[in-house]
Amino acid sequence: MKEQIIVMGGGIIGLSCALELQRRGYQAVVVETQRCGGQASGAAAGMLAPYSENVEGPDAFFQLCRDSLLLYPQWQQTVRELSGLSFEYTDSGSLYVAYHAADLLALEGRLLWQRTHGSTGEIIEGSALRQMEPLLTKEAIAALYTPEESHIYAPHYVSALERACVGLGVHIFDSLERLEILKWQETAVVRAADGRTFEGDQLLVCSGAWAQHLAETFHMHIPVYPIRGQICAYEAAAKPVKHMVFCNQGYLVGKANGTLVCGASEDVAGYDTTVTDKGIGRLRNWNKQLFPFLSQQTPFHSWAGLRPATQDGFPLIGPAPDTNRVVLAVGHYRNGILLSPATALLAADLIANKQQQAYGGAFAADRFN
Ligand code: FAD
Ligand code: GLY
C-alpha cells in the first residue's frame with residue numbers, strides 16, 4: 001500500500017509538494033481549511049525574480065531562489081500537461097531602475113556578483129533604456145536589466161496546479177474550516193470541524209502565514225508572521241510596460257490579460273486582508289513617478305494577501321524535532337511562487353529521508369529552538 005502523506009494547506013507550496021509526492025509514489029492528501037489558492041498564492045504578482053528580490057549577495061536563500069527559477073520551465077510544462085489548462089508564463093526580463101548616481105552604484109555592485117551566479121544582466125542607460133521602456137520617466141538615469149527573470153499569472157497557475165494534482169490522483173479536501181491535529185508522533189491524524197478525520201503516515205505542514213499556530217502542538221518555535229501585501233491593477237490593454245519594472249518602492253508587471261499589476265505594500269495587520277486607501281495611495285504615488293502616464297489612471301482592482309514572513313527571512317523547510325512524522329515547508333515570505341518547485345523537491349526528499357543536508361541546513365525548521 002502507498003504511504004499516505006497529509007499535506008496541511010492548499011496554497012502553492014502545499015499543492016506543489018503534493019504533486020511531487022504523488023509523482024514519487026506516495027498518496028498525497030491535501031487538507032485545506034478554506035479554498036486552495038485562496039490566500040497569499042492567489043494574491044501574488046507571480047514574479048520569478050531571484051535577482052531583483054535578492055540584492056545583498058549570493059546566500060543560501062538566493063541559491064534556493066535561483067535553483068527554483070531553473071526548475072520552472074520544466075515544472076510549469078508538467079503542470080500545463082497534467083492539468084490541460086493554460087496560464088501565462090512570460091519571459092519578459094526585468095529592469096531595476098535607478099534615479100540617482102548612488103542608486104546606480106548599488107546596481108553595479110549587485111551586477112558584479114549576480115553575473116557570477118547565472119545572470120547575463122547589464123546596465124542600460126539613456127536612449128537604450130527609453131527604447132526598452134518608452135513610457136518610463138525621464139528622471140530614471142539607468143536600470144539593471146536581467147533577462148533571466150520571468151513571471152506567471154499566479155491565480156491561473158494555482159488553479160492549474162490544483163487540477164494537475166487531482167489528475168495525478170492527489171486527494172484534495174477543502175473548506176474544512178478548522179483542523180485539529182489529533183496525532184503526530186506515531187502516526188498522523190487530523191480532524192476537521194465537521195468531524196471527518198484524515199489519517200496518514202506523515203504530516204507535511206504547508207499552512208503559510210498560519211503555521212505559527214502549530215508551535216505549541218509540535219513543541220517548537222515557528223516564528224512565521226503574516227505581512228500584508230496590498231496590490232492593485234490598472235487596465236492596460238496596449239501593454240505600455242514591457243518588462244517587470246522594479247524600483248526601491250515596488251514593482252510593476254504587465255500581464256497578458258491586459259492588466260498592469262502594481263505591488264505591493266508590506267504592512268503588519270494581523271490576518272486582516274482589507275485594502276486601505278493609504279496602502280493603495282502609496283503605491284499610486286510612486287507609480288506615477290515611475291510611469292507618468294499612470295497619473296491619468298485609477299486602478300480598477302485592488303486586493304491584499306498575507307505573506308508568510310519569518311524571523312530571519314529564510315523559509316522553514318525541514319522536519320519538526322523529536323518525531324519522524326512531521327515536516328514543515330512554510331515561511332516563503334516574498335518568494336513562494338518562485339520557490340514552489342524547489343521547495344516541493346526538498347520537502348519530498350525530507351519525507352523520504354529526514355536528513356537535512358541541502359543548503360548546509362540553512363532552512364532547518366528547528367533552527368529557532
Ligand atoms: P498560502 O498561499 O497562504 O497558503 C497557505 C494555505 O494554508 C492557505 O490556503 C490557508 O487557508 C491554509 N491553512 C491555514 N491554516 C491551515 C490549517 N491549520 N490547516 C490546513 N490549511 C490551513 N511570491 C513570488 O514568488 N513572486 C511574487 O511576485 C509574489 N508577489 C506577491 C505579492 C503579494 C501582494 C503577496 C501577498 C505575496 C506575494 N508573493 C510572491 C509571495 C507568495 O504569494 C507567498 O510566498 C506564497 O504564496 C506562500 O505560499 P503558501 O502556500 O505557503 O501560503
Ligand atoms: N515578491 C513580491 C511581493 O511579495 O510583493
Side-chain angles (χ1 to χ4, degrees), residues 6-18 29-50 52-54 65 68-69 72 94 149-155 157-158 161-162 172-181 190-193 198 203-214 217 224 226-233 244 246 249-253 261-267 271 273 275 279 283 302-310 315-317 328-344 347:
I6 307 289
V7 180
M8 283 185 84
I12 197 165
I13 298 298
L15 292 172
S16 303
C17 291
V29 179
V30 176
V31 288
E32 160 63 52
T33 48
Q34 300 172 46
R35 184 170 58 77
C36 288
Q39 292 293 338
S41 303
M47 298 179 298
L48 311 176
S52 300
E53 290 272 3
N54 288 277
C65 288
S68 210
L69 179 72
Y72 242 99
S94 68
E149 296 192 322
S150 49
H151 60 96
I152 61 167
Y153 191 74
Y157 175 72
V158 180
L161 186 56
E162 184 180 352
I172 299 183
F173 300 89
D174 63 8
S175 309
L176 296 176
E177 292 179 26
R178 205 178 54 253
L179 280 162
E180 193 186 350
I181 298 176
V190 298
R191 182 168 57 201
F198 302 91
L203 188 62
L204 177 59
V205 176
C206 301
S207 51
W210 290 263
Q212 58 170 315
H213 301 314
L214 300 176
T217 305
V224 179
I227 297 288
R228 182 169 64 181
Q230 299 187 49
I231 180 163
C232 64
M244 285 182 283
F246 291 84
Q249 305 279 324
Y251 51 82
L252 284 148
V253 196
V261 172
C262 167
S265 74
E266 283 186 350
D267 46 78
Y271 289 93
T273 51
V275 172
L283 297 180
S302 49
W303 66 98
L306 302 171
R307 302 181 187 89
T310 64
L316 280 67
I317 309 172
L328 287 89
V330 295
H332 294 74
Y333 193 37
R334 293 179 59 94
N335 290 285
I337 306 298
L338 168 63
L339 288 171
S340 52
T343 300

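We use all heavy atoms of the structure for the numbers below, so side chains are in, but hydrogens, waters and symmetry mates are not. Ligands are counted one by one from 1 in listed order, and the atoms in each one are counted from 1 as well. All of these numbers come straight from a predicted model, not from anything done at the bench.
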Salt bridge check, Asp267 against Arg228: does any charged N sit closer than 4.0 Å to a carboxylate O?
yes

Identity and separation of the nearest protein heavy atom to atom 13 (N) of ligand 1:
Thr33 OG1, 3.5 Å

Among all protein heavy atoms, pick out the one at the shortest distance from atom 53 (O) of ligand 1; state its residue, atom name and that distance to 0.1 Å.
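Closest protein heavy atom to atom 53 (O) of ligand 1: Gly208 CA, 3.8 Å.
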
Any heavy atom of Cys206 sitting closer than 4.0 Å to ligand 1?
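Judged by the 4.0 Å heavy-atom criterion, Cys206 does count as contacting ligand 1.
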
Any heavy atom of Val330 sitting closer than 4.0 Å to ligand 1?
no

May I ask you to check whether His213 and Tyr271 place their ring centres under 6.0 Å from each other?
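Here the rings of His213 and Tyr271 have centres that are less than 6.0 Å from each other.
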
Option with minimal heavy-atom separation from [atom], where the choices are [options]:
| atom | options | value |
| --- | --- | --- |
| atom 40 (C) of ligand 1 | Arg334, Glu177, Gln34, Glu180 | Arg334 |
| atom 9 (O) of ligand 1 | Met8, Met244, Glu266, Glu32 | Glu32 |
| atom 36 (C) of ligand 1 | Gly336, Ala45, Ala49, Gly305 | Gly305 |

Applying a heavy-atom distance cut-off of 4.0 Å, which protein residues contact ligand 2?
Met47, Glu53, Tyr251, Ala264, Arg307, Arg334

Glu266-Tyr333 side chain donor-acceptor pair, cut-off 3.5 Å:
yes

Subset of ligand 1 atoms that lie under 4.0 Å from at least one heavy atom of His332:
45 (O)

